[in-house]
J.: 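Below are the structure tokens for one structure; questions will follow.
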Amino acid sequence: MHWIDAVAQQLVKRGGKQVIASGISISGHIHIGHSNDVFIADAVRRAVEELGHEAESIWYADDYDPMRRVPWPLNEGELAEKYKQYLGFPYVNIPSPDPGYRSFVDYFSRPFIEALPLFGIKVKIYSGAEAYRSGRMAEAIRAALENAATIRSILNEYRDRPLPENWLPVDAVCENCGRISTTRAISWRGDYVTYRCEGTDYVAGCGHEGEADYTRGGAKLTWRVEWPARWKLLGVTCEPFGKDHAVRGGSYDTGKLIAKKVFNYEAPYPIPYEWVSMKGKRLSSSRGVVFTLKQWLEIAEPEILRYFIFRSKPMKAKEFDPGLTLLDLIEEYDLVESAYYGGGEEGKREEQQRRIYELSQVGQVSKTPIRRIPYRFAAVLAQVTTDEKKSIEILISRKMLVNPSELEIKLALRRLELARNWVREYAPENLRFKVLEQLPSGISLTPKQKQGLRQLAEDLAQREFTPVELHNHVYSVAERAGLRSDELFRAIYLVLLGRESGPRVGNFISALDRDFVIARFREASL
RNA sequence: GGGCCCGUAGCGCAGUCUGGUUAGCGUACCGGCCUUUUAAGCCGGCAGUCGAGGGUUCGAAUCCCUCCGGGCCCGCCA
């Protein structure tokens, strides 16, 4: 059984409506590593619904957290100085670097939120800042303040150095300098928290002393308390989270205790997951090691990312590589897809693969089989022509499309577009080529190579060739001209690409305009 | 100091939860086919003491214990 279904089963056993939460601190661009969070939450929602029970998945923007570090790309150039002054501010109060966005939070989160439906994710969106400002957190804050001693003793169980006697689980926003990370709560009374702006290790405080109304966003709960408070507030029954929270004595452990003792709430079913890394480095929004959902959609279908996440267990580290390795991932997906529709053997393994395929779908699983064109070939074809009709003709002649349905043609054209983008952005240099507008000047061909090209030009002018015929024809022409085949191949690549090798000649030339090729070969043979 | 993950064919991995036919897949490699193939396709082949040791069991890659190697996380920010 797939782990998503195992979780769903556990939840159903507990009974009631299931609320699966996910959430991210807006500490920079939201990348595909963060996607684990939402994708898992929403998949569990789907699985619970498939079992016939009510479920909802939510995504929570932790936009009231302080900015501890200026994230990439705002930490470069002139912007760096400007944004440094916002260190310690709640994210929600920081301006956008781009006038097209309302705020820092909007700038980093909107592209992510807008991409979610394209990946088949249906989550309810919440904002931490909104929750505090609207007063919805007020009751929880009061409970936490009243039970500060209990909370302190829970946290102290896992601390070497105990928290001070007068410690309170809230951070106020300084009304003078606007920072939240710099304040220390001194006391509380009714709806107000008295604080002093003392500073923190990465930014100084302003020394201001004041009172904050926590029923209107004047203060937030510290993370370890905020998390369980949120569980209670939203009725969270299950939550995926990064493995950092899952460590013994970490925020899940303490959260569980606080939930029980302070909020009288059963902690959600936990799903810890591993990070995603890219080229050996863990994805990190603040450090600029990012690959966003938007970037993903430029080079691969959304199903592939879902597949990437659901094909392995959540605690298994994932390595993402947008380069050549991506093509392996895509091929693997295609294979699972064709096996799904191909019937074949029935076993534990096949069953698992089928389920992973279903979980990878953006919407309903297609009832009619889906056949896709090979991405690797698309990467070549996309560089040869942008003409859609011509592309489809070539694909049909190459038998990569057989009596294609409307859908298959649509998928093929989309994949060509994706492959074109991939080649431009991520392909290794040796996979890229460009057909030269002009015959390159610096090349020298032997008389026999010229003779071969001239012959090819004549033959092309005489009759139609399928790609395979054409490819084979090159060999016979070479033979008649007394050339080794590789010498003729080299000549062809030189006059068209200016390099000694290239894509397979049959495909390649078939994809080009015939008159163009004839003219080029003739010109080169003079 | 604590915790997690990984170790299965040259390489990348699935299978481990729920033990059960000759341990799979991809790739690489070798061979063949499509009139000869420089990045397409098809068919076939080679290849593994399942990290080591012990235990449980009729039966262990799978469960338990110990150890070795690699990686990551937490240590009072979230």
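Every chain is numbered from 1, with letters handed out A, B, ... down the list of sequences.
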J.: Which value, in whole Å, describes the distance between the C1' atoms of nucleotides B:G69 and B:G51?
T.: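 To the nearest whole Å, 8 Å.
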
J.: Identify whether any heavy atom of A:Thr222 sits under 4.0 Å from a base atom; if not, whether one sits that close to sugar-phosphate; answer base, sugar-phosphate or nothing.
T.: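 Sugar-phosphate contact only.
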
J.: Just call it for A:Asp65: base, sugar-phosphate, or nothing, with non-hydrogen atoms closer than 4.0 Å on any strand.
T.: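 Sugar-phosphate only.
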
J.: Counting only Watson-Crick pairs (N1-N3 plus N6-O4 or O6-N4) and G-U wobbles (N1-O2, O6-N3), all under 3.5 Å, who is the partner of B:U66?
T.: B:A52

J.: Does A:Lys316 place a side-chain N or O at less than 4.0 Å from the phosphate oxygens OP1/OP2 of B:C72?
T.: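 Answer no for this pair, as no side-chain N or O of A:Lys316 is under 4.0 Å from OP1 or OP2.
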
J.: Applying the side chain to side chain contact (heavy atoms under 4.5 Å, CB included) criterion to A:Phe433, which one of A:Val380, A:Val423, A:Leu496 satisfies it?
T.: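 Looking at A:Val380, A:Val423, A:Leu496, the match for A:Phe433 under the side chain to side chain contact (heavy atoms under 4.5 Å, CB included) is A:Val380.
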
J.: Evaluate the salt bridge (Lys or Arg N to Asp or Glu O under 4.0 Å) criterion for residues A:Lys318 and A:Glu274: first the C-alpha distance (whole Å), next the side-chain angles of each, then the deciding distance (0.1 Å), finally the verdict.
T.: CA-CA 7 Å; A:Lys318 295 172 194 60; A:Glu274 253 285 359; over 6 Å; no

J.: Partner of B:U38 by Watson-Crick or G-U wobble geometry, both contacts under 3.5 Å, or none?
T.: none

J.: Nearest whole angstrom, please: distance from the P of B:G24 to the CD of A:Gln353.
T.: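 So the CD-P distance, A:Gln353 to B:G24, works out to 15 Å.
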
J.: For A:Arg69, answer base if it contacts any base atom (sugar-phosphate contacts may also be present), sugar-phosphate if it contacts only those atoms, and nothing otherwise; contact means non-hydrogen atoms under 4.0 Å.
T.: nothing

J.: Would you mind classifying the nucleic acid contact of A:Trp3 as base, sugar-phosphate or nothing, using non-hydrogen atoms under 4.0 angstrom?
T.: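 No contact.
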
J.: Is there a Watson-Crick or G-U wobble partner for B:C11 with both distances under 3.5 Å, and if so, which one is it?
T.: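 Across any shown strand, B:C11 pairs with B:G26.
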
J.: With distance as the sole criterion, do the side chain of A:Lys243 and the base of B:C72 form a donor-acceptor contact below 3.5 Å?
T.: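 Indeed there is one.
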
J.: Mind checking A:Arg376 for me? I need base, sugar-phosphate or nothing, with any heavy atom below 4.0 Å counting as a touch.
T.: nothing

J.: Say you pick atom P in B:G15 and the same atom in B:U57; how far apart are they, in whole Å?
T.: 28 Å

J.: How many whole angstroms separate atom CE of A:Met315 from atom C1' of B:G3?
T.: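 So the CE-C1' distance, A:Met315 to B:G3, works out to 9 Å.
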
J.: NA contact type, A:Tyr493, heavy-atom cut-off 4.0 Å: base, sugar-phosphate, or nothing?
T.: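 Result for A:Tyr493 = base.
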
J.: Given the rule in the side chain to side chain contact (heavy atoms under 4.5 Å, CB included) test, do A:Ile271 and A:Cys238 qualify, once you have shown the distances and angles that lead to the verdict?
T.: CA-CA 8 Å; A:Ile271 311 178; A:Cys238 173; 3.7 Å; yes

J.: In whole angstrom, give me the gap between the P atoms of B:U56 and B:C11.
T.: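 Looking at atom P only, B:U56 and B:C11 are 34 Å apart.
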
J.: For the residue pair A:Phe104 and A:Tyr83, does the interplanar ring angle fall in the parallel (under 30°), tilted (30 to 60°) or perpendicular (over 60°) class?
T.: tilted

J.: How far does the P atom of B:A9 sit from the matching atom of B:C4, given to the nearest Å?
T.: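 Straight-line distance between the two P atoms is 26 Å.
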
J.: I'd like the C1' distance from B:U16 over to B:C64, given in whole Å.
T.: 14 Å

J.: Once hydrogens and angles are ignored, does a donor-acceptor distance under 3.5 Å link the base of B:C76 to the side chain of A:Asp160?
T.: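 Looking at the base of B:C76, it does pair with a donor or acceptor on the side chain of A:Asp160 (distance under 3.5 Å).
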
J.: Test the A:Arg499-A:Tyr493 pair against the cation-pi criterion, namely NZ or CZ under 6.0 angstrom from the six-membered ring centroid and within 45° of the ring axis.
T.: no

